[in-house]
Amino acid sequence: MNITTLDTENQAAALAFLRSSPYRNALPLSNVGQLRAHCDVLVAAQGGRVVGVMSFYRDLPILNLTFAARQREVAVALLHELAERQPRFRSEPFYALLPAQRYAWLSQYVAVQESEIEFQMVVEPEVLRVPASPVARRLGEADLPAMSALAEAAGLSVWHDGTLALGPAFGCFVADRLVSMAATHFATPEIVEIGHIATHPEFRQRGYASACTAALASAAFALAPRVFLMVLEHNLPALTTYQRLGFRSMERFHLTRFAPYS
C-alpha cells in the first residue's frame, strides 16, 4: 500500500473513490474539495487504485479526523501515517464523526473516551416544506457582524466569519434585528451540509430556525443534488422540527472522542 499526500495528480482519483457514497463520505469529500486549503489529506492506493482517504481539518479548535476506506487495515495504515506526520495525535485526544462501520474499525485500535450518536438527516426537493411565515432572507457580507453576535448569543461552538465564502446563509429579522440564521458548513458539487443553525434565546420556539433552514435547503439545491444536516440523537425538539420540514434520517454517525493514538 502506498500512502501519499493529496496533490493534483491523485485528487481526481480520490474524488472518484469518495463519490461512490456521497452521503456517507460527505465530510471527506468536502476536505478533498472545497475545504482543501484548510486540511491535511492523505490518500492510500493499492495496485494503482485509491482505497482510502483520511484528512485532518486544521481550523477546528479541537484535534479531529475523518476518513473513508475500503478495509479496516487501510484505515489503520492511514491513521498510523497521519500520526507520524501530526505527532499531536499521539499526545492529545482527538475527535471524529464517523458512520458505524468506521467507528467500529477505529475503536478496535484506539480507546474511546466518550461517544454520542448524531443523525444525518437528508431532504429531497420534492418533500421540502418551506413555511409561509416567518420569512427568511439571504444574508450577505453586511450581515456578518450581526451573524457573529448571534452565534455568540446562541452558543455556537464552531462559528467563523468566513462562513459566507462557503455557501449561502439565510436569516430572520425582528425590527431589523437578526434573531435566527442557518448557514452552510460546506458546498461541494456532490453535497451541501447545512449548519450554524441558531436562534437568539429570546426568540426561540417561534418558527424562525425552521424558516431559515428551509430557505437555505431550497437554495442549496441550486448548488448540489444532495442536502443534509446533523442532529444529536437526544435533541428531540430539533429532530421533530426537521422532520416537519421534510428531512429524514439517513444514517447514524458516532461523534467520538478517542484517546491519543499509540
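All values below were derived from every heavy atom in this structure, side-chain atoms included, with hydrogens, water molecules and symmetry-related copies excluded.
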Handout entry: For T256, all residues meeting side chain to side chain contact (heavy atoms under 4.5 Å, CB included), sequence neighbours excluded
Key =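 T256: side chain to side chain contact (heavy atoms under 4.5 Å, CB included) contacts with Y103, V112, S115, H254, F258.
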Min side-chain heavy-atom separation [X]-[Y] under 4.5 Å:
X    : Y    : result
M147 : L164 : yes
L97  : T66  : no
R137 : D143 : yes
V43  : V32  : no

Does atom [atom1] ([X]) have a neighbourhood of more than 12 heavy atoms from anything else shown, all under 6.0 Å?
X    : atom1 : value
R102 : CZ    : yes
E9   : CD    : no
E73  : CD    : yes
Q108 : CD    : yes
R129 : CZ    : yes

Problem - Donor-acceptor pair, side chain of S20 and main chain of F17, under 3.5 angstrom - result: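 Answer holds: yes.
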Practice task
Would you tell me whether S180 and R206 have side-chain atoms, one donor and one acceptor, within less than 3.5 Å of each other?
Solution key: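 No pair is found: no donor N or O on one side chain lies under 3.5 Å from an acceptor on the other.
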Exercise for the section: Report whether L239 and L216 are members of the same hydrophobic cluster (ILVMFWY, side-chain heavy atoms less than 4.5 Å apart, transitive linking). Expected result: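 Hydrophobic grouping puts L239 with L216.
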Problem - Residues which pass ring-ring contact (aromatic ring centres under 6.0 Å, His included) with F56, listed by chain and number, not counting sequence neighbours - result: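 F56 satisfies ring-ring contact (aromatic ring centres under 6.0 Å, His included) with F89 once adjacent residues are dropped.
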